[in-house]
Amino acid sequence: MRTRFLAATLVLGLAAFPAARGGAEEFRFVDVSAQAGLTAPTWGGGPAKDHILESVGTGVAVVDLDGDGLLDLYVVNAWRLTESPSAIAERGRNRLYRNLGDWRFEEVPDAGGAADTSWGCGVCAGDWDGDGLVDLYVSNFGPNRLYRNLGGMRFEDVSESAGVTDAGWGAGCAFLDGDGDGDLDLYVANYLDCTVEEVLGARRTNRWRERLDVMAGPFGMRGGRDVYYRNDGSHFTDATVAAGLEDVAEAYGLGVLVSDLDDDGDPDLYVANDSNANYLYSNRGGGEFVETGAWSGAGFSGEGVAQAGMGVDAGDFDGDLRFDLVVTNFARDHCTLYHNEGDGFFEDVSGPWGLKEPTNALLSWGCAFFDADLDADPDLLIVSGHIYPQVAEEPELDESYAQPLLLLRNDGDRFADVSAAAGSGLGEFPSRGLALGDLDGDGDVDAVVSGMDVPPRLLRNDSERKGHWLEVRIRDAAGAPAIHARAEVTAGGRTQIGEVRSGSTYQSQSSFDMHFGLGDASTVERLAVRWPDGSTRVLENVAADRLVVVEPE
Amino acid sequence: MRTKGMIALVGLLLFGIPGSTRASEDIRASLANTYEQLANAILAIKETESALVGTMLMFHYESAEHELQLAMSGDAAAKKAHLEAAAAEITYLANEGDKAVQAVVQRMLKAGHHHHTDGMTREDYMFVDSVEKQTLLALAGKIARMDGSNTSEVQGAMDELTRLYQSAVEPD
């Protein structure tokens, strides 16, 4: 048993409880983009943003793509447009950066074959073909791309043969085993229908706060229909209608989250819709979903209002062992925190948990729960940026195009805004995508934020350590990240949950590794892992401050 | 501007260039008469739209009521399915139409065709105001949480639904 345990579980000891690099600050995030070599901008159309396509930005992935144990970066890019006349100036290419360690990144030529020059939007990752290597799916304005990982940072575009191109305006996406057959299916949110000609010919015909001429939409534009592809082995089949996922409302889909929200062992699906009610698709087993957003409490704000959903993430912020939701929304409306009440029901607790006031002025996109200070509860990072660059011309509006990143500390019964004292890395930025991961392997969670017409911001977490930590990497039988696997970590008498996810936040892919702050506990009393096929493993008395890799028996 | 020009052109083709005083008066009368007919058509369309949306509300109300009645009979699994179906119908009532209808409404908004908005999200409703919508959504959630074993609880929800529906459709 002991031999099998050792063979199946590789325990990598890492730095034990090092002191914070930054000194006295409780939270400190440092922008290390330039030193890491992330200097290439991600484009988002022209300076004036005449069309809504020029507003939604691009995503980023933080994934170990070459299997060396270090998290690499994949940055989606769009196009640069000129104004007067509006024309294509540059078709930006997606970029892949190999992590060399110690905050050094090396750009992989041609992104290893994944340097698509389409107008890129989102990215998600997963081993759809079961070969143990993590593949990439990139949603575009135009045909999407599926990049099969060939190993050694080489990728093959198999979009056409796999049948997942979908020529719409793709946004958030995620791999999921929707039908429980052991392979990964794929969900792609589509934002709205329009053409390149409409983008280039757009004029700013909307009035913002009765002062500024700004881009039109999305209201009045025809929404795109989301797509669900069932994996049939070497090919995908459009099973949107058969699975009960038909987007008949033609809602403006953006953020996609896959999580077992009702804890019944299969993945549910949440879609943040701009200007429409959000969808919650409850997985009823056998590949059948039922849309429960409107009556579950998760589709509208607590006031019964459809908000302008952008990004979404799930985390158990109150320690009741259920995944709660955070959804980012438009400016002059708050981000929404949904408490999971169990059995698929949610309650908007944005007010009592302190989210309304700090988020109301911001136009927010990426969002993610993570334990920034290792005190054993998840904090919250939200990144924002206005879609109308014209707001900078009117100081009286008191709005800015680039907006501060928001770090909300979990105080047990309320989130407190600690951004102002969290370092210059959280300063104003025209943010869109957000992906998290321990990029330097030091036991805390770093972040990458994609921006509009600027290079991504790479944030090193130098926050004060308030406790120990544990990172958990769960693999499937092929050695790939076991998407949908769930971990329960009990330390110091407190239990936390995590889940291996594809997609989420905003058009982005965070690391598959789970990270848990442990507070004072230097040992994890119990680490219980449940794979999507129902199999389980329990490890006891696991030393803290290390990465634990758990494989199926 | 282009529209005005087209209207002027159509007017000239229909009525000719004004010449005598009599011809001018004929044109004025024809214009007013045509506009009155157009107004009648517009008002008839608005009444038709109102009647259609009212029919939708009635349909979703009666569908929800039917599902609730079914939930009060049948086995446990069927009860739950009927309660969820009732909850879905009530959300359609709250939103003045199902998702396909909501997509249509969304497209009409851009053209300026709306009735009243709640001032926050540009959602547009003819009968159900924001308070009624919130109350209906809460009722839908309450019904979806039921297991159907308590018949009086389901009956109470049905009574509440009837009260909310009547409140929504009665003239303000």
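Naming convention: chains lettered A, B, ... in sequence-line order (proteins, then strands); numbering from 1 in each chain.
Residue contact with chain B, scored on non-hydrogen atoms closer than 4.5 Å, involves the side chain of Asn276(A) exclusively. Neither the backbone nor the side chain of Arg225(A) comes within contact range of chain B; no heavy atom of the residue lies under 4.5 Å from a heavy atom of that chain. Proximity to chain B (any heavy atom under 4.5 Å) is shown, for Glu246(A), by neither the backbone nor the side chain.
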Please output the side-chain donor-acceptor pairs of residues 288-296 of chain A that fall under 3.5 Å, not counting sequence neighbours, one pair per line with the distance.
from      : atom 1 : to        : atom 2 : distance (Å)
Glu291(A) : OE1    : Lys99(B)  : NZ     : 2.3
Glu291(A) : OE2    : Leu280(A) : N      : 2.9
Glu291(A) : OE2    : Gly293(A) : N      : 2.6
Thr292(A) : OG1    : Leu280(A) : O      : 3.4
Ser296(A) : OG     : Thr292(A) : O      : 2.9
Ser296(A) : OG     : Gly293(A) : O      : 3.2
Ser296(A) : OG     : Ala298(A) : N      : 3.3

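Options Gly97(B), Ala144(B), Ala140(B) differ in how many heavy-atom pairs under 4.5 Å they form with chain A, and the most are formed by Ala144(B). Per-residue heavy-atom pair counts under 4.5 Å with chain A were compared for Ala94(B), Ala103(B), Ala138(B), Ala88(B), and the maximum is reached by Ala103(B).
Applying the 6.0 Å contact sphere to CG of Asp343(A) captures no more than 12 heavy atoms from other residues, nucleotides or ligands. The number of heavy-atom neighbours closer than 6.0 Å to CZ of Arg28(B), taken from other residues, nucleotides and ligands shown, is 12 or below. No more than 12 heavy-atom neighbours from other residues, nucleotides or ligands sit within 6.0 angstrom of CZ on Arg203(A). In the displayed structure, Asp398(A) atom CG is contacted under 6.0 Å by at most 12 heavy atoms of other residues, nucleotides or ligands. Annotation: Glu357(A), atom CD; neighbour count of heavy atoms from other residues, nucleotides and ligands within 6.0 Å does not exceed 12.
Of the charged side-chain nitrogens involved, none lies within less than 4.0 Å of a carboxylate oxygen, so that Lys133(B) and Glu303(A) do not count as a salt-bridged pair.
Counting heavy atoms from C-beta on, the side chains of Glu250(A) and Gln102(B) never come closer than 4.5 Å.
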